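For reference, the structure discussed in these notes is given below.
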Number of protein chains: 2
Amino acid sequence: MTESTEFLYPQKWLSKASTGDRVTCELRMQIISGRIESGAILSENKLAADFEVSRSPIREALKVLAAENLIRLERMGAVVIGLKEKDIEEIYDVRLLIETFVFERLVKIDTKELVRELSKIVEMMKIAIKYRDADEFSYQDILFHETIIRTINHSYVLMIWNNTRPVMESLILLSMRARFKEKYDDFTRIIKNHQLYIEAIDTKDRNLMIQSLHQNFDDVQGKVEDLWMSQQMLSKGVDPEK
Amino acid sequence: MTESTEFLYPQKWLSKASTGDRVTCELRMQIISGRIESGAILSENKLAADFEVSRSPIREALKVLAAENLIRLERMGAVVIGLKEKDIEEIYDVRLLIETFVFERLVKIDTKELVRELSKIVEMMKIAIKYRDADEFSYQDILFHETIIRTINHSYVLMIWNNTRPVMESLILLSMRARFKEKYDDFTRIIKNHQLYIEAIDTKDRNLMIQSLHQNFDDVQGKVEDLWMSQQMLSKGVDPEK
DNA sequence: TTTATAATACTTGTATACAAGTATCCTAGT
DNA sequence: ACTAGGATACTTGTATACAAGTATTATAAA
């Protein structure tokens, strides 16, 4: 395998991470980006050799990726499932489910501090755009939503978020990198939509929030198309299933 | 530690399971039942000695339990979080969230086969009651809901279910065992409620479904109180937090 | 008595070794 | 030519070994 020496996952996000976490994140990116094609069979020994680590962190990574539905652990080897279009829609089903639930809780509590925090994050996003830093922008985008979710202090909703976040993160990273190269002016719209979201929370306007969520969803649809493009760029021959 | 030689998790459910899975299930039961008190600090070496296995399957188990929010992995040792009353409520928030979502999909498709399957499961539950088999009853109860959820073929909703199922399973097991000893006539009500659920799906009656879901939730509230009792029986001194 | 420091006994993370099981391929026999 | 059977080279699951880091405890000095 002509393994590219480049890493897809931002290395600076892994400053304090263990080898296992590094492998997990990198493998996830390679699967979602399509660099590792769906249907491929991964062997622990081979991966260990490729990553130049022992089998321990590899096993750890495979367990995590299996829980994320990206691979399927079988008797002999782990087969790569990858993300189909249907999966991406389903992830956003879950996000809509979560965030509407969260909003119902938010309208009952004081959100002044949250709004302040979110405003700060949007400012950061603007800076990231200004300096063409796709990874930083992605980071703040994810942080935005995570901040909202954490506010309601619901450990099991947070658990769901934690389980879907890594895949979301990878999707957003890949999409944003592609956009910074091609559709730079998309970002003003994204910023605007986030500000709409903040306003909805601030005024506790349920309709505005729903509207903003759907807008965000539409944005994401765009992201998905971008991702598809970037996948086609990265991988040699993607066979479009179904 | 005066480790009881008895296993809490049904051994026959582990016929083909690896050592890692066995440890995971047993540890989970011990934490949820309160046999391992919340706040306790678990060390991999100690657990390995207690279970008479190596650290590998123990590590595996701890990772899983951490993802389920039952323990928190720290630098030195894993601290047991356990289930507080709030957590149990939150689990059922998630279940309500999932099952209402699922129902919205169910009303759009043909559910004849599903209804047949569910009826079969309820028959099995009746037999389990007749023979006072709490574990078998629990198994069918969980299977009932999982069957419904699997029907809509939504991999990410299924993922959420998979993430909450183990804890649910433990809760139900402990609760049902207690009930078979004390509140035997509860089961006619539970059966009735499941039949109501089936009817709601069959007639695609949204209101009936909501009603049945809430009834189920109330049932569960009872379950929770039972669990609390059984916890107090099992563990010497539970300190009621908050 | 109290504080600073060093030795010690723990902890986790990773690498390696071993055992049991499975697919593959090659050979022998018909 | 084709099938049966066995050797072989894989696979995962578990045990063990080792390295690096952290809390604790004991000791020594003020």
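On a predicted model such as this, the values are computed, not experimentally measured, just so you know. Numbers restart at 1 for each chain; the letters A, B, ... are given by sequence-line order, proteins then strands.
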When you get a sec, tell me which of [options] is the closest nucleotide to the side chain of [X]?
X     : options                : result
B/N45 : C/dT12, D/dT11, D/dT14 : C/dT12
B/S56 : D/dC10, D/dA15, D/dT12 : D/dA15
A/R55 : D/dT12, C/dA15, C/dC10 : D/dT12

> Can a side chain N or O of B/S54 be found less than 4.0 Å away from OP1 or OP2 on D/dT14?
Replying inline: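 No, because none of the side-chain N or O atoms of B/S54 sits under 4.0 Å from OP1 or OP2 of D/dT14.
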Whole-Å distance between [N] [atom2] and [X] [atom1]?
X     : N      : atom1 : atom2 : answer
A/I58 : C/dT16 : CD1   : P     : 13 Å
A/L73 : D/dT11 : CG    : C1'   : 12 Å
A/E60 : C/dT14 : CD    : P     : 6 Å
B/R75 : D/dG21 : CZ    : C1'   : 10 Å
A/E74 : D/dT11 : CD    : C1'   : 12 Å
A/I41 : D/dC10 : CD1   : C1'   : 13 Å
B/L42 : C/dC10 : CG    : P     : 17 Å
A/R59 : C/dA15 : CZ    : C1'   : 14 Å

>> If you apply the rule side chain to side chain donor-acceptor pair (under 3.5 Å), what do you find for A/E90 with B/S155, and how did you get there?
In response: CA-CA 7 Å; A/E90 288 178 357; B/S155 50; 2.5 Å; yes
>> If I compare all heavy atoms of A/R28 with all of A/S170, which pair ends up nearest, and what's the gap?
In response: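 Taking every non-hydrogen atom into account, CD-OG, 3.4 Å.
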> For A/I98 and A/I160, which heavy atoms make the closest approach, and how far apart are they?
Replying inline: CD1-CG2, 3.4 Å
Identify whether the distance between the nearest side-chain nitrogen and carboxylate oxygen of [X] and [Y] falls below 4.0 Å.
X      : Y      : result
A/K63  : A/E60  : no
A/R105 : B/D93  : yes
B/K120 : B/E117 : yes

>> For B/M159, is there any backbone N or O sitting under 3.5 Å from a side-chain donor or acceptor partner on B/N163?
In response: yes
> Looking at DNA chain D, which of residues 9-24 of chain B put a heavy atom within less than 4.0 Å of it?
Replying inline: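 B/S18, B/T19, B/G20, in order of number.
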> If you look at every strand shown and take non-hydrogen atoms under 4.0 Å, does A/S43 touch a base, only sugar-phosphate, or nothing?
Replying inline: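 A/S43: backbone/sugar contact only, no base atoms under 4.0 Å.
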>> I want to confirm an ordering. Mapping B/L62 and A/M76 to their closest nucleotides on DNA chain C, which one lands closer to the 5' end?
In response: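 It is B/L62 whose nearest nucleotide is closer to the 5' end.
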